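Predicted model, so just to flag it, every value in this text is computed and none were measured. Numbers restart at 1 for each chain; the letters A, B, ... are given by sequence-line order, proteins then strands.
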Amino acid sequence: MKLSKFFYTTLREIPSDATMPSHVFLMRGGYIKPLSTGIYSMLPMGFRVLKNIEKLIREEMNSIGGLEVDLPVVQTAELWNESGRYTAIGEELLRFKDRNNHPMVLAMTHEEAMTDMARYVLSSYKQLPFMLYQFKTKYRDEARARGGLIRVREFLMKDAYSFHASSEDLDKHYEEEYQAYLRIFRRVGIKPIVVQSDTGIMGGKVAHEFMLDTPNGEDYLILCKSCGYQANREIAKFEREPYQGNANATPEKVATPHMESIEDVSKFLNVPPESTAKCVFFNFDNQLITVLVPGNLEVSEIKLHNLLKAKDLVPADEAMIRAAGMEPGFASPMGAKNTRVIIDEGLEFANDLVMGANEAGFHMKHCTPKRDIASFEVADIAEASELCKCPNCGNKLKETRGIELGNIFKLGTKFSESMGATYLSADGKSEPAIMGCYGIGVGRLMASVVENSHDDFGPIWPKSIAPFHVEIVTIAKDAELLEVAEKLESDLTLAGFEVLVDDREERPGVKFKDADLWGIPLRISVGKKGLVNGEIEWKLRTEKNFEMVAINAVLEKVKLFYAK
RNA sequence: CGGAAUAUAGCUCAGUCUGGUAGAGCGCUUGCUUCGGGAGCAAGAGGUCGUGAGUUCGAAUCUCGCUAUUCCGACCA
């Protein structure tokens, strides 16, 4: 491909709205073009990378028995009603009406459509198991798209769904998917952190997320360096260390004027934060939920969400709190009425705590929940942090941030049951298929590769997905140089390599800067000086310096380079 | 959905406070000179100053509404 015939652009300056490296370079290199918030067009350069990633994922899906299909993006509300998700999902699901006034949706994922396809064909246990996958546009009406391709509204996703006759068979396939995912990420140069994750409104039980470890990540991960426990902070468990003081001391009211935060109170009373109890209020279906966690920790809204099976959970307003007999800022469930009280596991056996006195300007010392709170439920509702210890081995936990590259998920029978994807078992009984689902965001992976592999000048694409295998740059406008470049191009192309020739009448500096933005693994420069000796310059994108190579040795050397 | 900000040439931005002929750099076109990490000179093309009202003799500039975009947070199979 001659650059003069290619459709491309590069930006000299950093787009004003780009902050993350992947966003900056994908814009500057002319890979993507924004069309609206979180909606991007792919230019030829970007599309080539995307297609290469797609190809690589396809190979791995086929290698574990996947069969590629294609499902519609526009679907009926009716289909989504079958699974119950038409009402269960909030505004993230884009709803609209067609000309006949039928309610429709833009698919944000394809469990329903895939289950629909499965039930059309499935009738006997003899057909199981099978795994179907596709590369398909998803639309999610994200409240806040950000970071270029990292979090978008419309995106390409590989989504796979497997169907099984037994949970053992699902387990077996789940492991195959897990290994295939590791291979996919390794092939693009990423070593993911695999964490246990929330199963959310998908139903199901076990789920893992594959995360790129990066400070730019949106997800918080909790890791144990000694035993390998890894979980998304949303659901991470940790060992509780109930505060133990003087178990026999009885509650005593103390003045704490204007001390509304845990930090203020613990400093003022000279007690450690973990000896206080943080009281947080939520409104769940107009019922007041009072949550109590150790003062040094935060409430995990995800855990609470899952515990309550809540769709809408919002902070309670002051009037509601006062109506239950509590005083915001100085609150505790002691003596409270008309509220459901949930306390974290870490407080169940704690004693001698400082809690609110439900009177402005006062707290109570020496409180023991078991004794002093009339009735409560105990649950795991505090958020893990670096202050906590590993639930498995008791060592100190670490926190890091990550970008979710993909997830795998044991769905179970949520969809097959509600939608009737059943089969007759060997003993003639009708059974719902047991399902798993497995997703990878293709565009997000493309951006993540850049996050993971770039320098100050641009992306450094791995050989597996680079937009071209080789870029040939002519160093001066000279017919002879172009002839050599063209000869190399045709030799390499015949050998199956994809070659970009920068044949522009531009100064070398311009060409080199652009080459860096395109991140092609191998750059061959054809210049007058080298040509005298029948040599070209061989430079890897990963290296700073180049070496001289005889023109007639180039083809073999390229083959060798790409064989590795 | 809360908080903050921005909207002027293809891109990055100045001009707005203090109303009076639409600006710069880069990019683009043409010519000349250059030619190894985003060259120089010269001449050009390119903008209903997001949008709608209002104030004014006069609005990019002041006032109000709307829209879009970005950042922080909330939300997020």
Side-chain angles (χ1 to χ4, degrees), chain A residues 9-20 23-24 27-28 30 33-39 80 83-85 88-93 107-112 114 138-148 150-153 157 159 161 197-204 207 209 218-219 232 234 282 301-302 305-306 310-315 404 406-412 414-415 435-439 441 455-458 473-478 481 502 504-517 523 525-531 536-537 539 544-546:
Chain A
T9 187
T10 53
L11 307 180
R12 181 181 291 214
E13 302 193 59
I14 297 173
S16 54
D17 53 5
T19 48
M20 296 172 74
H23 191 186
V24 170
M27 284 297 298
R28 286 195 56 206
K33 192 234 167 257
L35 192 137
S36 174
T37 304
I39 300 181
W80 284 68
S83 68
R85 293 208 298 185
I89 295 179
E91 291 183 325
E92 211 182 351
L93 178 64
M108 53 188 285
T109 170
H110 282 81
E111 280 78 13
E112 282 83 358
M114 196 64 91
K138 311 287 185 230
Y139 185 85
R140 295 181 190 179
D141 219 7
E142 290 284 350
R144 193 180 155 213
R146 73 192 93 180
I150 297 295
R151 187 166 203 80
V152 290
R153 294 196 290 174
M157 185 176 189
D159 49 327
Y161 305 82
S197 69
D198 183 33
T199 52
I201 68 164
M202 296 294 298
E209 289 169 340
E218 315 181 275
D219 286 279
N232 195 307
E234 293 173 343
F282 294 91
E301 289 196 36
I302 299 270
H305 230 268
N306 291 342
K311 185 185 168 195
D312 288 313
L313 190 65
V314 292
E404 183 185 344
N407 62 16
I408 58 177
F409 204 124
K410 290 184 190 176
L411 277 178
K414 177 185 163 80
F415 292 92
M435 296 171 59
C437 73
Y438 320 92
D455 60 15
D456 291 346
F457 307 105
V473 177
T474 55
I475 293 299
K477 45 181 173 180
D478 185 310
L481 297 183
D502 189 344
R504 293 176 296 176
E505 296 191 355
E506 279 290 353
R507 301 164 58 83
V510 173
K511 294 186 171 191
F512 293 153
K513 289 287 186 199
D514 281 347
D516 288 344
L517 284 172
R523 187 182 88 198
S525 306
V526 184
K528 280 182 184 166
K529 290 177 211 161
L531 211 54
I536 52 84
E537 290 167 23
K539 182 186 172 297
K544 235 182 162 163
N545 301 315
F546 59 81

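- Taking a pair to require two hydrogen-bonding distances under 3.5 Å in either a Watson-Crick or a G-U wobble arrangement, B/rC41 pairs with B/rG31.
- Checking B/rG19 for Watson-Crick or G-U wobble geometry (two distances, each under 3.5 Å) identifies no partner in any strand.
- When the P atom is used for both B/rG37 and B/rG44, the distance is 32 Å, rounded to whole Å.
- Using N1 to N3 plus N6-O4 or O6-N4 for Watson-Crick, or N1-O2 and O6-N3 for G-U wobble, each under 3.5 Å, B/rG25 pairs with B/rC11.
- Look at the C1' atom in both B/rC28 and B/rA9: the space between them is 11 Å, to the nearest Å.
- Spacing between atom CE of A/Met27 and atom C1' of B/rU12 amounts to 12 Å, rounded to whole angstrom units.
- For B/rG73, the paired base is B/rC1 (Watson-Crick or G-U wobble, both distances below 3.5 Å).
- With hydrogens and angles ignored, the 3.5 Å screen pairs a side-chain donor or acceptor of A/Asp455 with a backbone N or O of A/Gly458.
- In this structure, A/Glu142 and A/Ile14 both approach RNA chain B, and ranking their closest nucleotides by distance from the 5' end singles out A/Ile14.
- With salt bridges taken as basic N to acidic carboxylate O contacts below 4.0 Å, one links A/Glu111 and A/Arg85.
- Remark: B/rG47 base-pairs with no nucleotide in the shown strands. Criterion, Watson-Crick or G-U wobble with two distances under 3.5 Å.
- Rounded to whole Å, the P atom of B/rC75 lies 31 Å from the corresponding atom of B/rA7.
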When every nucleotide of nucleotides 42-47 of chain B is labelled 5' to 3' by its protein contacts under 4.0 Å (heavy atoms), B for base, S for sugar-phosphate only, - for none, what sequence of letters results?
------
Just do the side-chain hydrogen bond (donor to acceptor under 3.5 Å, both in side chains) check on A/Thr474 and A/Arg504 with the steps written out, would you?
CA-CA 8 Å; A/Thr474 55; A/Arg504 293 176 296 176; over 6 Å; no
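- Nucleic acid contact class of A/Pro34 (heavy atoms, under 4.0 Å, all strands): none.
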Determine, for nucleotides 28-41 of chain B in 5'-to-3' order, which nucleotides have protein heavy atoms under 4.0 Å from the base (write B), from only the sugar-phosphate (write S), or from neither (write -).
------BBBBBB--
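- The closest donor-acceptor contact from the side chain of A/Tyr161 to the backbone of A/His110 lies under 3.5 Å.
- B/rA68 is paired with B/rU6 under the criterion used here, namely a Watson-Crick or G-U wobble arrangement in which both key atom distances are under 3.5 Å.
- For the residue pair A/Asp198 and A/Asn232, no side-chain donor N or O sits within less than 3.5 Å of a side-chain acceptor on the partner.
- Salt bridge annotation for A/Glu218-A/Arg146: present, with a cationic side-chain nitrogen under 4.0 angstrom from a carboxylate oxygen.
- Within 6.0 Å of CD1 on A/Ile14 lie no more than 12 heavy atoms contributed by other residues, nucleotides or ligands.
- A gap of 32 Å separates the C1' atoms of B/rG40 and B/rC49, to the nearest Å.
- Of all non-hydrogen atoms in A/Glu209 and A/Ser197, the two that sit nearest each other are CD-CB, 3.2 Å.
- Here the separation of B/rU12 from B/rU51, taken at their C1' atoms, is 24 Å to the nearest Å.
- No side-chain donor from either of A/Ser525 and A/Lys511 sits under 3.5 Å from a side-chain acceptor of the other.
- Put simply, the side chain of A/Met20 reaches to within 4.5 Å of the side chain of A/Ile150, judged on heavy atoms.
- A cation-pi geometry, defined here as NZ or CZ lying under 6.0 Å from the six-membered ring centre and within 45° of its normal, does not hold between A/Arg28 and A/Phe457.
- Base pairing of B/rU63: its partner is B/rA53, meeting the Watson-Crick or G-U wobble criterion (both donor-acceptor distances under 3.5 Å).
- Taking atom C1' in both B/rU69 and B/rG31, one finds a spacing of 41 Å when rounded to whole Å.
- As a whole-Å value, the separation of A/Asp141 CG from B/rC1 P is 11 Å.
- In this structure, the separation between CH2 on A/Trp80 and OG1 on A/Thr109 is 6.0 Å, given to the nearest 0.5 Å.
- In this structure, A/Ile475 and A/Pro508 approach most closely via the heavy-atom pair O-CG, 3.6 Å.
- One P atom belongs to B/rA42, the other to B/rG25, and the distance between them is 11 Å to the nearest Å.
- What separates CD of A/Glu91 from C1' of B/rG2 is a distance of 14 Å, to the nearest Å.
- Separation of the P atoms belonging to B/rG65 and B/rA4 is 14 Å when rounded to the nearest angstrom.
- Here B/rA74 presents its C1' atom at 13 Å from CD of A/Glu218, a figure rounded to the nearest Å.
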Name the pairs: protein N/O against N/O of nucleotides 69-71 of chain B, kept only if under 3.5 Å.
residue: B/rU69; atom: OP1; partner: A/Ser36; partner atom: OG; Å: 2.9
residue: B/rU69; atom: OP1; partner: A/Thr37; partner atom: N; Å: 3.0
residue: B/rU69; atom: OP1; partner: A/Thr37; partner atom: OG1; Å: 2.8
residue: B/rU69; atom: OP2; partner: A/Thr37; partner atom: OG1; Å: 3.2
residue: B/rU69; atom: O5'; partner: A/Thr37; partner atom: OG1; Å: 2.9
residue: B/rU70; atom: OP2; partner: A/Thr37; partner atom: OG1; Å: 2.9

